[in-house]
Amino acid sequence: MKPSGHVEIGIFTVCGDCAESGILYKELSNKAAGGAETKERRFCIMADYHERNKIKKQLIIFLLMAYGVTYLMGILLWYGSAIAVEISVFPGAQMFYPAAGVMLAYLLTKWEDSLLPRWFYLCFLLITLLMMLFSILSVAMPSRITNADGMEMSLWTVFSRYAAAGGSILCWITLLTAFFINFIAFFGEEYGWRYYLQPILQKRFGMRGGVLILGAVWGVYHIFLDFFYYMPRGLAAVAMQIIACVFVSIFFAWAYMKTGNIWVPVILHFLNNHLSWVMAGRYSQSVLENRQAVWAMVPETLIVNGAVFGFFLLSKEFRKRNC
């Protein structure tokens, strides 16, 4: 017999006392020796149907923004590359899309975020829209100017840098947690990948498996930049990007799990991206453009990244039980 106050909904038995909070109970049964069914135990499931549907909607919205918008803009990036216009707005703009996806998902499903206030969302989304607009205009209405260093860039690239700097300053003033003038772009990726998607994948595929899958997802997300911006066209560039993202993702995930603070991987991402300029000895966009990528470099990329970051998978943070 079912306990009093319980009703069945499909395979679930809902406790009447907990119906308002949406807590569900699932009934397990085993076959007894004589063939009769005996109820073994009941346990709580953390979310009701409405909560699960909301989480699914959030994930769909996030993926549409992080991948859908990125790939749509990637088609425009390809076209800009084909007609040889200045396209350096695109990589900076793309860094905003993952966090914008999370924010849109939370806003549209009326989900409360304990990390950031709603007005921060609106500010960030406004900057994201501006970055997208400047990306589109850089191809639709190409315009070139020369800066003080003699480096050619489009007017829209200049506008995008002012927008990113202005957005960073505004968020720094209001949030009081910003640390560099361009932090907002790096927050754009880490809030989407590490803060939002990493726990979901780890819950589904395990602490290590979830992070490895996240790294591959993060790498594929860069595919248009690999073909048309960072490096010449070629699958070798994509393979190297995915390998690097998988291993860097291990390190960023370890730092996030170790500290529980999303700003730590944001800072690490900032430092990682600026390492290229430090090693090149000059701060120029040309450092990131038209680098070489051949299949002979793929094993080297795998060995170097594995040696530097792979051992973090053995840390105690990755041995913990799933959330």
Side-chain angles (χ1 to χ4, degrees), residues 66-67 70-71 74 77 88 90-99 182 185-198 201-202 205 207-258 262 264-280 283-315 317-318:
Y67 265 90
T70 296
Y71 278 27
L77 175 65
S88 61
F90 282 84
Q94 182 170 316
M95 294 180 72
F96 284 72
Y97 302 154
N182 287 319
F186 300 94
F187 170 83
E189 287 206 21
E190 293 308 311
Y191 188 70
W193 302 129
R194 238 63 58 187
Y195 178 77
Y196 173 71
L197 194 57
Q198 178 177 309
L201 293 178
Q202 286 184 313
F205 299 104
M207 299 299 284
R208 294 186 177 93
V211 167
L212 294 176
I213 292 173
L214 175 62
V217 168
W218 188 26
V220 173
Y221 156 83
H222 291 87
I223 191 168
F224 279 95
L225 296 178
D226 292 330
F227 272 100
F228 306 117
Y229 186 74
Y230 289 144
M231 301 178 183
R233 296 176 178 86
L235 292 176
V238 177
M240 291 172 61
Q241 179 75 70
I242 293 174
I243 291 171
C245 283
V246 167
F247 284 103
V248 171
S249 186
I250 292 170
F251 177 52
F252 286 3
W254 170 82
Y256 180 41
M257 292 187 294
K258 181 74 173 178
I262 192 59
V264 173
V266 171
I267 295 172
L268 291 173
H269 196 160
F270 174 89
L271 295 175
N272 176 74
N273 280 33
H274 284 72
L275 185 62
S276 298
W277 287 307
V278 173
M279 296 179 66
Y283 189 84
S284 170
Q285 204 69 23
S286 62
V287 174
L288 300 180
E289 297 175 352
N290 299 320
R291 294 180 292 179
Q292 296 300 312
V294 295
W295 284 107
M297 298 171 65
V298 172
E300 177 186 344
T301 302
L302 180 62
I303 293 171
V304 171
N305 281 274
V308 175
F309 300 117
F311 72 93
F312 283 99
L313 280 176
L314 303 177
S315 66
E317 280 71 29
F318 285 99

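Please read these numbers as outputs of a predicted model, since none were measured by experiment.
Within the 4.5 Å cutoff, side-chain heavy atoms of I250 are placed close to those of L212. Residues Y71 and I223 have side chains in contact (heavy-atom distance under 4.5 Å, counting atoms from C-beta outward). Residues Y229 and F224 form no side-chain contact, since every pair of their non-hydrogen atoms from C-beta on lies 4.5 Å or further apart. N273 has its side chain out of reach of E189: every pair of non-hydrogen atoms, C-beta onward, lies at least 4.5 Å apart. The shortest distance between side-chain heavy atoms of V308 and F247 does not fall below 4.5 Å.
Formation of a donor-acceptor pair under 3.5 Å by the Q94 side chain with backbone atoms of Y221 is found in this model. For the pair R194 (side chain) and I262 (backbone), a donor-acceptor distance under 3.5 Å is absent. Side-chain atoms of Y67 come within 3.5 Å of backbone atoms of V217 as a donor-acceptor pair (strictly under, hydrogens ignored).
The aromatic ring centroids of F318 and F312 lie 6.0 Å or more from each other.
What you find for G219 and Q241 is that their closest heavy atoms are O-CG, 3.8 Å. The two atoms that bring Q198 and M257 nearest to each other are NE2-CG, 3.7 Å, heavy atoms only. Counting all heavy atoms, side chain and backbone alike, V298 lies closest to A236 at CG2-O, 4.2 Å. What you find for A253 and V211 is that their closest heavy atoms are CB-CG2, 3.6 Å. Here the closest non-hydrogen pair linking A255 and L268 is CB-CD1, 3.6 Å. Residues A66 and P98 share a closest heavy-atom pair of CB-CA, 4.2 Å.
A distance of 13.5 Å separates CD of E190 from OH of Y195, quoted to the nearest 0.5 Å.
Aromatic ring pairs are classed by plane angle as parallel below 30°, tilted from 30° to 60° and perpendicular above 60°; the pair F270 and F186 is perpendicular.
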